[in-house]
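Down below is the structure, laid out as structure tokens.
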Amino acid sequence: MTAYQDLLDIHIRHEISLADFRFDGFSAINEAVAKLMAGELKELFIVGDYGAGKTHLATAIYHSYTQQTRQTAISLSLKDLIHQDPNADALVGLDMFDLVIIDDLQYIRHSYEWQTGLFDLINKVREQQKQMLFLADNPAQELAIGLPDLITRLSLSPLLEIPVFDHEQDRDKLLSTILKHKNLRLPDEIYQHLLLKGPRNAGDIIAVITAIVPKLTLLKKQIPKKTINETKELIDKQTFLLELTNHGQTDGMHSPSF
């Protein structure tokens with residue numbers, strides 16, 4: 001990272017874009033998404049741990065698809081929707097859209113109604129030669145889905161996994177890319193602390209950056225040592241909380257409950 005520059009010029013770019021994922025680790029996903037938007041790929045199943053950036057990616061694909069193809073799309077997260085809509089009414093008529101995005105698919109284990117509804121929707125989308133994108137924390141066979149026919153349908157989609165960046169060099173590229181696309185520049189000491197002590201996946205890194213930037217954007221050129229230390233402590237705290245959240249989400253994803 002280059003030397004610290006005037007933080008008065010820093011601003012967060014709020015729109016979500018596929019540019020946030022243009023780095024080496026995401027090359028396979030980027031190629032598949034390009035085929036999806038070109039109409040060369042009808043279905044895609046993307047797997048990633050909690051906090052890996054699946055929802056961020058789903059939103060970016062939605063925006064890019066509707067803006068670049070001028071076709072219709074809809075994106076649903078099942079995390080809360082399944083409990084709010086026990087009869088799966090939200091799935092009815094979605095085959096009218098050119099692209100249907102289903103995020104947090106793992107929560108479908110909670111509802112047999114949603115499983116049968118999604119099975120019917122997939123069949124209708126395929127009949128009309130339209131497109132679907134699924135995002136979950138595990139492949140279909142590991143989601144504790146009680147409807148075998150749905151597992152079969154989902155398993156036919158090409159499967160890709162969001163990478164976790166355990167190696168420092170890869171994480172350095174990831175962090176630099178995220179900051180670049182958000183028009184951000186961090187002081188070297190904070191950058192190095194985030195690199196070495198921060199999260200290991202894109203989604204959590206973005207969350208930590210979002211948490212620390214407000215502490216820096218109102219300051220002038222010279223950041224006090226106290227603020228540097230407070231920011232490093234905030235990175236540690238946010239990383240720890242994200243790890244707890246990720247662990248809790250993983251522990252809760254094993255058994256179906258109909």
Side-chain angles (χ1 to χ4, degrees), residues 16 18 21 26 29-30 32-37 39 41-66 69 71-162 203 249-250 252-253 256-258:
I16 296 176
L18 284 175
F21 298 92
F26 269 85
I29 290 178
N30 287 329
V33 170
K35 291 181 179 179
L36 189 75
M37 294 205 292
L41 192 62
K42 294 300 182 183
E43 293 180 9
L44 181 61
F45 197 119
I46 296 177
V47 171
D49 292 335
Y50 183 85
K54 295 188 298 296
T55 297
H56 186 95
L57 177 61
T59 304
I61 293 172
Y62 169 83
H63 287 312
S64 296
Y65 186 91
T66 54
T69 70
Q71 293 183 298
T72 60
I74 187 169
S75 182
L76 299 180
S77 171
L78 302 191
K79 183 176 181 180
D80 298 317
L81 189 57
I82 282 182
H83 299 291
Q84 297 169 357
D85 180 16
N87 296 320
D89 293 331
L91 294 177
V92 177
L94 294 190
D95 52 301
M96 67 179 289
F97 292 93
D98 297 300
L99 172 65
V100 179
I101 301 172
I102 305 293
D103 189 18
D104 291 316
L105 180 63
Q106 64 269 17
Y107 289 95
I108 205 167
R109 78 193 193 282
H110 287 299
S111 171
Y112 194 80
E113 288 76 14
W114 272 83
Q115 292 178 29
T116 56
L118 182 59
F119 175 77
D120 292 339
L121 176 61
I122 293 173
N123 289 336
K124 291 177 181 178
V125 169
R126 287 184 175 177
E127 287 173 3
Q128 299 180 53
Q129 293 292 300
K130 294 187 176 180
Q131 297 173 287
M132 295 197 75
L133 169 64
F134 308 100
L135 301 100
D137 62 354
N138 282 300
Q141 300 91 330
E142 301 175 23
L143 294 182
I145 294 174
L147 184 62
D149 286 343
L150 178 58
I151 297 175
T152 301
R153 290 288 188 277
L154 293 170
S155 299
L156 294 175
S157 303
L159 180 67
L160 292 173
E161 184 172 359
I162 294 178
Q249 291 286 337
T250 302
M253 289 294 168
S257 55
F258 296 139

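Only a predicted model underlies this, so the values are computations on that prediction, with no experimental measurement involved.
Within the model, atoms CG of L91 and CG of D120 stand 9.5 Å from one another, a figure rounded to the nearest 0.5 Å. Expressed to the nearest 0.5 Å, how far CZ of F97 lies from OG1 of T66 amounts to 11.5 Å. Note that CG of D103 is 7.5 Å distant from CG of L78, once rounded to the nearest 0.5 Å. Residue I46 holds its CD1 atom at 6.0 Å from CD1 of I162, rounded to the nearest 0.5 Å. Considering CD of E142 and CD of Q106, their distance stands at 12.5 Å, rounded to 0.5 Å. The line from CG of D149 to CG of N123 is 9.0 Å long, rounded to the nearest 0.5 Å.
The shortest non-hydrogen separation linking D95 to Q128 is OD2-NE2, 2.7 Å. In plain terms, the two heavy atoms of A88 and E113 that are nearest each other are CB-O, 3.9 Å. In terms of heavy-atom proximity, V47 sits nearest to P139 at CG2-N, 3.8 Å. Nearest heavy-atom pair, A90 versus L81, reported as atom, atom and distance to 0.1 Å: CB-CD2, 4.0 Å. I102 approaches M132 most closely through the heavy-atom pair CG1-CE, 4.2 Å. Here the shortest heavy-atom pairing between A32 and L41 reads O-CD2, 3.7 Å.
Just one of R126, K35, K130 meets the salt bridge (Lys or Arg N to Asp or Glu O under 4.0 Å) condition when paired with E43; it is R126.
W114 places a side-chain heavy atom less than 4.5 Å from the side chain of D85. Within the 4.5 Å cutoff, the side chain of L143 has heavy atoms near those of the D137 side chain. Counting only heavy atoms from C-beta outward, the side chains of L57 and L18 approach each other to under 4.5 Å. Between I108 and L150 the shortest side-chain heavy-atom distance falls below 4.5 Å. Considering only heavy atoms from C-beta on, I122 comes within 4.5 Å of F134 through its side chain. For the pair L105/L135, no side-chain contact is recorded, criterion being any heavy-atom separation below 4.5 Å from C-beta on.
Q71 contributes no side-chain N or O that, together with a main-chain N or O of D98, makes up a donor-acceptor pair within less than 3.5 Å. The backbone N or O of D104 sits nowhere less than 3.5 Å from a side-chain atom of K54 that would complete a donor-acceptor pair. The backbone N or O of L36 sits less than 3.5 Å from a side-chain atom of Q131, completing a donor-acceptor pair.
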CA sep, side-chain torsions, deciding dist, call: L154, I145, side-chain contact (heavy atoms from CB on, under 4.5 Å)
CA-CA 11 Å; L154 293 170; I145 294 174; 3.8 Å; yes

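Heavy-atom neighbours of K124 NZ from other residues, nucleotides or ligands within 6.0 Å: at or below the threshold of 12.
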